[in-house]
Amino acid sequence: MKVPTTSHPRLGIPDQTGRSRPGPSRAQAAPSTRVDPGRWPDVAAQPRASRSRTAVAERLVRHALGRLPLRVRIAGHEGIGQGGPLMEIRRPDAFFRRIGADGLVGFGESYMAGEWEAPDLVGVLTVLAGHAADLVPAPLQRLRRLWAPRKPAEQTNTPQGARANISHHYDLSNDLFALFLDETLSYSAAVFRGFPAEHDLLPAAQHRKIDRLLDLAGVGPGTELLEIGTGWGELAVRAAARGARVTTLTLSREQRELAQERIREAGHQDRVDVRLLDYREATGRYDAVVSVEMIEAVGEEFWPEYFRTLERCLAPGGRVALQAITMPDDRMRASRSTYTWIHKYIFPGGTLPSTEALDQVTTAHTGLRTRRRDSYGTHYAETLRLWRERFTERADEVDALGFDATFRRMWTFYLAYSEAGFRSGYLDVQQILLTREDHA
């Protein structure tokens, strides 16, 4: 398959137009790795933070790390921890200052700047994810709204905001995603037959995931299917091959272009309609509605509207099948308004739901009810490992697309951070079947 070149130099902090904008006022400081201040203003410079705030952050972080199964080496000296994966804090002054100023955002930016390193990055992040609930003392947890950064208003998933948020991630470059995904270009959890998985097993594992979801939705010959979130078209192709007629929605122009090309190559252009459309604008009635890892981009305040849309588009007796990344309900509620490194650099506007939250919103706002739920978080951990390893192997090709070393550190951190969430059990992924209450 030929993947068109669509690389973008959108490597800084994009505004609504995708152009880099200056970050907040920062004190200039030479980071440990070479960072382009034009692309990465908040990584190239240290944040302004008082000595007292930095000192408090250092005290809290040292105390937290000292209780964990980690080996933490500070400025080249053996430091703290109970033994385990090695975390090397190379520039402690900069590291603690960033955390004091920006919390988890600063933790990620410090890695991007090369101020800390880990030979087994996933191992370190898995330990941290496994202790996420108690890293910060309980009194400070209760005061989270006072010290944690808040999500910026421009990331709210209004129709306009959602387009900008989706574009930030999915319109980076089709070529970039093709470097580390498999030939199906499926960017979601696969389902393997066994572990450890290998990269050449990914296409079959992705098809297994898609087929399970289509089976859950009852998709077959003559099914009128609505897909919310096209990706690069593999699910639509697979559904069309079963004899379904597919209407699939996306907000990414880059994805739509390539999805249409792949659908034509598969010979299903007469059965699949790819629309550049917000889910709120969906029309028609369908026998089945499917959506793979789309709910995470909706935003909590829009969950009722999202599920009302699914119900409105569902024909009598129809089925909804979702694939969703979930997190524990207590952690979702504690962090629901917090602005994180993932929001700033990877998925602006994103919110992971809990299973309890999904049940509550569907019960309160729709007649949809959960009939089945299948979890397979360990499969996502393996999927992410394979993506991360392939991304690392192809570093030179990533560079050739115009992405710099800071971007590679950012993307590596993102993939490792996500993998750690699933390995620790902090995150899960589920396929969920919903039907109307009167059609149980």
Side-chain angles (χ1 to χ4, degrees), residues 57 60-72 80-89 95 98-99 102-112 116-138 140-141 144 148-149 188-189 195 293 296 324-336 338-347 350-357 375-389 391 409-430:
L60 290 172
V61 171
R62 283 179 176 269
H63 176 72
L65 294 178
R67 296 182 293 112
L68 298 181
L70 292 172
R71 286 188 303 124
V72 183
I80 52 180
Q82 301 299 311
L86 175 62
M87 178 181 182
E88 298 184 89
I89 302 176
F95 175 78
R98 288 189 192 270
I99 294 177
D102 296 319
L104 291 174
V105 175
F107 180 72
E109 288 179 339
S110 187
Y111 181 81
M112 292 167 67
W116 69 273
E117 190 60 84
D120 178 7
L121 181 59
V122 173
V124 168
L125 294 176
T126 299
V127 170
L128 295 175
H131 292 80
D134 54 17
L135 283 175
V136 177
L140 285 182
Q141 288 277 11
R144 189 184 191 102
S188 52
F195 302 140
E293 297 177 25
E296 303 85 349
I325 300 172
T326 60
M327 66 188 301
D329 191 62
D330 61 335
R331 299 310 305 157
M332 186 208 81
R333 298 189 181 282
S335 61
R336 68 203 316 172
T338 302
Y339 184 55
T340 68
W341 180 87
I342 286 286
H343 291 129
K344 183 172 182 177
Y345 288 100
I346 307 297
F347 292 115
T351 304
L352 300 184
S354 65
T355 55
E356 293 88 343
S375 299
Y376 56 105
T378 53
H379 292 257
Y380 217 152
E382 283 293 283
T383 305
L384 284 155
R385 175 182 65 80
L386 296 174
W387 291 346
R388 177 176 51 83
E389 291 174 352
F391 180 82
R409 285 186 70 84
M410 178 188 77
W411 208 259
T412 298
F413 188 79
Y414 149 58
L415 293 172
Y417 181 95
S418 302
E419 181 183 344
F422 290 101
R423 292 209 181 279
S424 68
Y426 185 80
L427 300 179
D428 195 6
V429 64
Q430 307 184 28

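Residues passing the side-chain hydrogen bond (donor to acceptor under 3.5 Å, both in side chains) test with Tyr417, sequence neighbours excluded: none. Remark: Arg385 engages Glu382, Glu389 in a side-chain hydrogen bond (donor to acceptor under 3.5 Å, both in side chains) (not counting sequence neighbours). Residues that satisfy the side-chain hydrogen bond (donor to acceptor under 3.5 Å, both in side chains) test with Thr355, not counting sequence neighbours, are absent from this structure. Residues meeting the side chain to side chain contact (heavy atoms under 4.5 Å, CB included) test with Ser424, sequence neighbours left out: Thr126, Ala129, Tyr426. For Glu293, the side chain to side chain contact (heavy atoms under 4.5 Å, CB included) partners at least two apart in sequence or on another chain are Ser188, Ala189, Glu296, Gln323, Ile325, Tyr380, Val429. Applying the side chain to side chain contact (heavy atoms under 4.5 Å, CB included) rule to Gln82 yields no partners; only residues at least two apart in sequence or on another chain are considered. The side chain to side chain contact (heavy atoms under 4.5 Å, CB included) check on Ser375 picks up Asp428, Gln430, with sequence neighbours excluded. For Asp329, the side-chain hydrogen bond (donor to acceptor under 3.5 Å, both in side chains) criterion is met by Arg333, Ser354, not counting sequence neighbours.
Looking at Leu104 and Trp341, their side chains never come closer than 4.5 Å, going by heavy atoms from C-beta outward. Side-chain contact between Arg388 and Val122 is present, with at least one heavy-atom pair separated by less than 4.5 Å. Side-chain contact between Val124 and Leu86 is absent, with no heavy-atom pair separated by less than 4.5 Å.
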With side-chain contact (heavy atoms from CB on, under 4.5 Å) as the test, would you mind laying out the steps for Thr340 and His343 before giving the verdict? CA-CA 5 Å; Thr340 68; His343 291 129; 3.1 Å; yes
Take Thr383 and Phe422 through the test side-chain contact (heavy atoms from CB on, under 4.5 Å) and record every step on the way to the result. CA-CA 10 Å; Thr383 305; Phe422 290 101; over 6 Å; no
Verdict with supporting geometry, Leu70 and Ile80, side-chain contact (heavy atoms from CB on, under 4.5 Å): CA-CA 8 Å; Leu70 292 172; Ile80 52 180; over 6 Å; no
side-chain contact (heavy atoms from CB on, under 4.5 Å) between Glu109 and Phe413, intermediate numbers included: CA-CA 10 Å; Glu109 288 179 339; Phe413 188 79; over 6 Å; no
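Rounding to the nearest 0.5 angstrom, the gap separating the CD1 atom in Ile346 from the OH atom in Tyr414 is 6.5 Å. Phe107 contributes atom CZ, which lies 6.5 Å from atom CD1 of Ile99 (distance to the nearest 0.5 angstrom). One distance of note links CG of Leu384 with CG of Leu427; it measures 9.5 Å at 0.5 Å rounding. Atom CE in Met87 sits 10.0 Å away from atom CG in Leu68 (nearest 0.5 Å). Tyr339 contributes atom OH, which lies 5.5 Å from atom NZ of Lys344 (distance to the nearest 0.5 angstrom). Here the CG atom belonging to Leu125 is positioned 12.0 Å from the CZ atom belonging to Arg423, to the nearest 0.5 angstrom.
Evaluation of the salt bridge (Lys or Arg N to Asp or Glu O under 4.0 Å) test over residues 120-130, restricted to residues two or more places apart or in two chains, returns none.
For the residue pair Gly84 and Arg71, the shortest heavy atom distance occurs at O-NE, 3.4 Å. The two atoms that bring His131 and Pro69 nearest to each other are CE1-CD, 4.0 Å, heavy atoms only.
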